[in-house]
Amino acid sequence: MQKGKLSPVLKWAGGKTQLLDHIAGTMPAAYRRYYEPFVGGGAALFGLTPARASVNDRNEPLMNLYAQIRDSVEGVIERVRELDAAPCGKTSYYALRERYNEKVAARAFDAECAALMIWINKHCYNGLYRVNRKGRFNVPYNNRTGGKSVQESNLRAISDYLRTSDVTLTCLDFEEACAGVSAGDFVYFDSPYVPESPTASFTDYTTGGFSPADHERLAALFRRLDRIGAKVMLSNSDVPLVRSLYAGYRAQVLDARRQINRDARKRTGREVLITNYGP
Ligand SMILES: C[S@@+](CC[C@H](N)C(=O)[O-])C[C@H]1O[C@@H](n2cnc3c(N)ncnc32)[C@H](O)[C@@H]1O
């Protein structure tokens, strides 16, 4: 374990910072390897800093960001400094968003692409990451005009953690990301949530979103991993579909404030933590 907690680099829909203590308290006391197939902003990973971890997300620029922080942290910091130093307003935000989309379309995954992702996350509406059908990031400007986009010491500490621990980074579908799981490993699934209502939920982190069939695939994988002797924990919204998909497993209800919802009245979703093991 790393000394001191690391913090997520990005604000991410469904980020687990608020639930971290609860998640940490529900984890098994001992396990071999930590798997997080939907890492997103990495609140759990960076809060827990497991010594052996397989970390995955299907969002390619996001996994490039973590790889760049690991391999070229000073290059990322330098480019974020340059972006922060330039005058910022509506025109520059949309120009930089365009540059980022061009780089992603060309699969030019480098330190600049990582720095743009960090800078845009701090200057886009609500820190949301949303793409359209063509995979282009389309969140509007939040009108912020200055300030630092990154805590450099945190970025360096994350880089140290990723370089000095046994952490692998992949950009695969969650099923493939779990191909190496074996008995005694611990898997934490934090997939896009089942919508609580047709308008209340957000799943467009990647092109294509996350469908009911994906939730069924995930539940089938949960059962397979259970059968091979892995310890498995999953968070989702507390809705009938989730209760029926995971019937027979332990379920703890949590209260979570939904940060990403524009309407404060809709920010009080109940979440559930499903585990295949006891306290
Ligand atoms: C709820 S978020 C995870 C939030 C994360 N726990 C945090 O603290 O920020 C879900 C993540 O699943 C990823 N994702 C969506 N579909 C996926 C798939 N089929 N396989 C792997 N990752 C996927 C999204 O890119 C998104 O980052």
Side-chain angles (χ1 to χ4, degrees), residues 5-24 26-27 34-50 53-66 104 117-118 121 126-133 135-137 139 158 168-181 186-196 200-222 225 232-239 242 254 256-261 269 271-274:
K5 277 186 188 165
L6 307 178
S7 306
V9 181
L10 302 178
K11 185 171 173 190
W12 205 251
K16 287 293 168 296
T17 304
Q18 290 170 56
L19 295 178
L20 187 58
D21 288 345
H22 214 107
I23 287 168
T26 308
M27 282 175 56
Y34 176 89
Y35 281 79
E36 198 174 350
F38 302 95
V39 70
L45 175 75
F46 298 134
L48 303 164
T49 55
S54 293
V55 175
N56 178 76
D57 198 287
R58 217 177 53 180
N59 183 316
E60 220 174 352
L62 177 70
M63 294 316 295
N64 171 62
L65 168 68
Y66 295 140
V104 172
M117 192 178 197
I118 293 173
N121 182 257
N126 226 356
L128 183 63
Y129 197 90
R130 185 190 61 203
V131 294
N132 66 14
R133 284 198 186 153
R136 290 177 75 86
F137 177 84
V139 180
I158 291 177
T168 61
L169 302 176
T170 52
C171 180
L172 302 168
D173 176 67
F174 65 88
E175 264 194 276
E176 238 184 296
C178 288
V181 175
F186 170 57
V187 186
Y188 172 43
F189 289 119
D190 186 29
S191 72
Y193 281 10
V194 173
E196 285 175 77
S201 249
F202 162 81
T203 61
D204 297 340
Y205 305 88
T206 50
T207 315
F210 206 79
S211 67
D214 290 324
H215 281 289
E216 295 203 356
R217 231 164 30 91
L218 178 55
L221 175 62
F222 188 108
L225 297 176
V232 194
M233 176 165 80
L234 173 141
S235 35
N236 210 320
S237 40
D238 191 9
V239 294
V242 171
L254 310 171
R257 221 160 27 100
R258 284 286 154 73
Q259 297 287 0
I260 211 76
N261 204 312
E271 307 200 6
V272 67
L273 260 191
I274 310 280

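Below, each value reflects all heavy atoms present in this structure, side chains not excepted, and no hydrogens, waters or symmetry copies. Along the sequence shown, the residues carry numbers beginning at 1. In each ligand, atom 1 is the first atom listed, and ligand 1 is the first ligand listed.
- Contact annotation: Gly42 has at least one heavy atom less than 4.0 Å from an atom of ligand 1.
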* Run the side chain to side chain contact (heavy atoms under 4.5 Å, CB included) check on Asp190 and Ile23 step by step: do they pass? -> CA-CA 11 Å; Asp190 186 29; Ile23 287 168; over 6 Å; no
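- Atom numbering of ligand 1 starts at 1 in the shown order; those under 4.0 Å from a heavy atom of Ala43 are 8 (O).
- Annotation: salt bridge (Lys or Arg N to Asp or Glu O under 4.0 Å) contacts of Glu216 (sequence neighbours excluded): none.
- Between Phe174 and ligand 1, a contact under 3.5 Å exists for at least one N or O pair.
- Contact annotation for Phe210 and ligand 1: only side-chain heavy atoms (C-beta onward) come within less than 4.0 Å of the ligand.
- Note that CG of Leu273 and OG1 of Thr26 are 5.0 Å apart. Values are rounded to the nearest 0.5 Å.
- In this structure the side chain of Met63 never reaches within 4.5 angstrom of the side chain of Thr170, judged on heavy atoms.
- Residue His215 forms a ring-ring contact (aromatic ring centres under 6.0 Å, His included) with just one option from Tyr193, Phe210, Phe222, Phe189, and that option is Phe210.
- Residue contacts with ligand 1: Ser191 is placed with no nitrogen or oxygen under 3.5 Å of a nitrogen or oxygen of the ligand (distance criterion only).
- Every atom of ligand 1 is numbered from 1 in the order shown, and the set under 4.0 Å from a heavy atom of Leu172 is 20 (N), 21 (C).
- Between Tyr188 and Tyr34, the ring center distance fails the sub-6.0 Å criterion.
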* Check against side chain to side chain contact (heavy atoms under 4.5 Å, CB included), Asn126 and Lys11 -> CA-CA 8 Å; Asn126 226 356; Lys11 185 171 173 190; 3.2 Å; yes
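- For ligand 1, one of its N or O atoms has an N or O atom of Gly41 under 3.5 Å away.
- Heavy atoms of Asp214 stay at 4.0 angstrom or farther from ligand 1.
- For ligand 1, the atoms closer than 4.0 angstrom to any heavy atom of Asp190 are 1 (C), 2 (S), 3 (C), 4 (C), 5 (C), 6 (N), 10 (C).
- Between Val272 and Ser237, the shortest heavy-atom contact is CG1-O, 3.9 Å.
- Listed by number with element, the atoms of ligand 1 under 4.0 angstrom from any heavy atom of Pro37 are 21 (C), 22 (N).
- Ligand 1 places these atoms under 4.0 Å from at least one heavy atom of Asn59: 25 (O).
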* **side chain to side chain contact (heavy atoms under 4.5 Å, CB included) assessment of Ile118 paired with Leu10** => CA-CA 7 Å; Ile118 293 173; Leu10 302 178; 4.3 Å; yes
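- Residue Asn56 has no nitrogen or oxygen atom sitting less than 3.5 Å from a nitrogen or oxygen atom of ligand 1, judged on distance alone.
- Look at Pro192 and you'll find a heavy atom under 4.0 Å from some atom of ligand 1.
- Within the structure, the closest approach of Thr17 to ligand 1 does not fall below 4.0 Å when heavy atoms are considered.
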* Asked: Given the rule in the side chain to side chain contact (heavy atoms under 4.5 Å, CB included) test, do His22 and Glu271 qualify, once you have shown the distances and angles that lead to the verdict?
  -> CA-CA 12 Å; His22 214 107; Glu271 307 200 6; over 6 Å; no
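- Remark: ligand 1 and Arg217 share no N or O pair separated by less than 3.5 Å (distance only, no angle test).
- Of all the heavy atoms of Phe38, the ones lying under 4.0 Å from any atom of ligand 1 are found in both the backbone and the side chain.
- For ligand 1, the polar-atom distance check against Arg58 finds a nitrogen or oxygen pair separated by under 3.5 Å.
- Within the 4.5 Å cutoff, side-chain heavy atoms of Leu218 are placed close to those of Leu234.
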